[in-house]
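We use all heavy atoms of the structure for the numbers below, so side chains are in, but hydrogens, waters and symmetry mates are not. Since this is a predicted model, take the numbers as computed values, not measurements.
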Amino acid sequence: MSDNSALARRYLQLLDARDWDALAAVLDEDVVYDMPQTRELIIGRESFLEFNQTYPGEWRLSPKIVIADDDRAVVWFDWRMGDESGESQTFLEIDAGRITRVTDFWPEAYDPPKRAVTVERY
């Protein structure tokens, strides 16, 4: 497991635990948080922490797959909030052991179009 792989797992674990001081320690002061689906951008560690500290609901995060190289990591994870659950992905950019950019994708499940090919659903 690379250091960035461990950092990505730790990032998700700290978010899940709401360990804001420890989370702050792994974030760059000028971290950028990007959510392309809602076109929201948050700049700076304090703003990122405030966003998460004030996010409504009792959410839970659990990593499934982590892939990392020298500069980046991606985490595919399960989330749960109340009776709702799903899968999401977070892409991390990392420099000198600190997370400099977080890009989150929160896709919603949908019914596929009808196809001429037989496809199994789960």
*Asks:* Find the distance between CG (Asp71) and CG (Leu92) and round it off to the nearest 0.5 Å.
*Replies:*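 Here the interatomic distance stands at 12.5 Å.
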
*Asks:* Report yes or no: does Ser5 contribute a side-chain atom to a donor-acceptor pair with the main-chain N or O of Ala68 at less than 3.5 Å?
*Replies:*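 Judged by distance alone, no pair lies under 3.5 Å.
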
*Asks:* Quick one: do Thr103 and Thr90 satisfy side chain to side chain contact (heavy atoms under 4.5 Å, CB included)? Show the steps, please.
*Replies:* CA-CA 6 Å; Thr103 305; Thr90 190; over 6 Å; no

*Asks:* Among the clusters formed by ILVMFWY side chains lying less than 4.5 Å apart, do Leu49 and Met35 turn up in the same one?
*Replies:* yes

*Asks:* Using the rule given for salt bridge (charged side-chain N to carboxylate O under 4.0 Å, His left out), can you reason through Asp78 versus Lys64, listing the C-alpha separation, both sets of side-chain angles and the distance that settles it, and then say yes or no?
*Replies:* CA-CA 7 Å; Asp78 290 321; Lys64 294 170 68 160; 3.7 Å; yes

*Asks:* Using ring centroids (six-membered ring only for Trp), state whether Trp106 and Phe77 fall under 6.0 Å.
*Replies:*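 When the ring centroids of Phe77 and Trp106 are compared, they turn out to be within the sub-6.0 Å range.
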
*Asks:* Surrounding CD of Glu50 (heavy atoms of other residues, nucleotides or ligands, distance under 6.0 Å), is the total greater than 12?
*Replies:* no

*Asks:* May I ask you to decide if Val75's main-chain N or O and Arg9's side chain share a donor-acceptor pair within less than 3.5 Å?
*Replies:* no

*Asks:* For the residue pair Asn4 and Ala73, what are the closest heavy atoms and their distance?
*Replies:*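 That closest heavy-atom pairing would be O-CB, 3.9 Å.
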
*Asks:* Determine whether Phe105 and Trp79 fall in the same hydrophobic cluster, where Ile, Leu, Val, Met, Phe, Trp and Tyr are linked whenever their side-chain heavy atoms lie under 4.5 Å apart.
*Replies:* no

*Asks:* Under 4.0 Å between a side-chain nitrogen and a carboxylate oxygen: does that hold for Arg45 and Asp28?
*Replies:* no

*Asks:* Would you say Val26 and Leu61 are hydrophobically clustered, going by side-chain heavy atoms of ILVMFWY under 4.5 Å?
*Replies:*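 Both belong to a single hydrophobic cluster.
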
*Asks:* Give me the atom names and distance for the closest heavy-atom approach of Glu40 to Thr38.
*Replies:*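 Here Glu40 and Thr38 meet closest at OE1-OG1, 2.7 Å.
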
*Asks:* I need the minimum non-hydrogen distance between Val31 and Arg101, along with the two atoms involved.
*Replies:* CG2-N, 4.0 Å

*Asks:* Can you give me the closest heavy-atom contact between Ala24 and Arg98, atom names plus distance?
*Replies:*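 What the structure gives for the nearest pair is O-NH1, 4.1 Å.
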
*Asks:* With side chain to side chain contact (heavy atoms under 4.5 Å, CB included) as the test, would you mind laying out the steps for Ile94 and Leu7 before giving the verdict?
*Replies:* CA-CA 9 Å; Ile94 302 164; Leu7 177 60; 3.8 Å; yes

*Asks:* Is the backbone N or O of Leu15 less than 3.5 Å from a side-chain atom of Asp19, with the two atoms forming a donor-acceptor pair by type?
*Replies:* no

*Asks:* For residues Arg18 and Glu58, report the shortest heavy-atom separation together with the two atoms involved.
*Replies:*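 Between these two residues, the closest heavy atoms are NH2-C, 3.8 Å.
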
*Asks:* Which label fits Phe51 and Tyr33: parallel for a plane angle under 30°, tilted from 30 to 60°, or perpendicular past 60°?
*Replies:* tilted

*Asks:* Using the rule that Ile, Leu, Val, Met, Phe, Trp and Tyr join whenever any side-chain heavy atoms are under 4.5 Å apart, tell me whether Leu12 and Val66 fall into a single cluster.
*Replies:*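 Linked, Leu12 and Val66 end up in one cluster.
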
*Asks:* Determine, step by step, whether Phe91 and Arg72 satisfy the side chain to side chain contact (heavy atoms under 4.5 Å, CB included) criterion, reporting the C-alpha distance in whole Å, the side-chain angles of both residues, the deciding distance to 0.1 Å, and the verdict.
*Replies:* CA-CA 7 Å; Phe91 292 80; Arg72 293 173 283 302; over 6 Å; no

*Asks:* Could you state whether Tyr55 and Leu27 fall into the same hydrophobic cluster, counting links through intermediate Ile, Leu, Val, Met, Phe, Trp or Tyr residues with side-chain heavy atoms under 4.5 angstrom apart?
*Replies:* yes

*Asks:* Quick one: which of Ile99, Leu23, Val32, Ile43 gives a side chain to side chain contact (heavy atoms under 4.5 Å, CB included) with Phe48?
*Replies:*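 Of Ile99, Leu23, Val32, Ile43, side chain to side chain contact (heavy atoms under 4.5 Å, CB included) with Phe48 is met by Leu23 alone.
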
*Asks:* More than 12 heavy atoms of other residues, nucleotides or ligands under 6.0 Å from CD of Gln53: is that the case?
*Replies:*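 Atom CD in Gln53 is crowded, with more than 12 foreign heavy atoms closer than 6.0 Å.
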
*Asks:* Taking the side chain as every heavy atom from C-beta outward, state whether Ser62 and Arg80 have any pair of such atoms under 4.5 Å apart.
*Replies:* no

*Asks:* With a 6.0 Å cut-off (strictly less than), is the heavy-atom count around CD of Gln37, excluding the residue itself, greater than 12?
*Replies:*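 Yes, the 6.0 Å shell around CD holds more than 12 heavy atoms from other groups.
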
*Asks:* Step by step, work out the salt bridge (charged side-chain N to carboxylate O under 4.0 Å, His left out) result for Asp16 and Arg60.
*Replies:* CA-CA 6 Å; Asp16 183 67; Arg60 306 304 309 183; 2.6 Å; yes

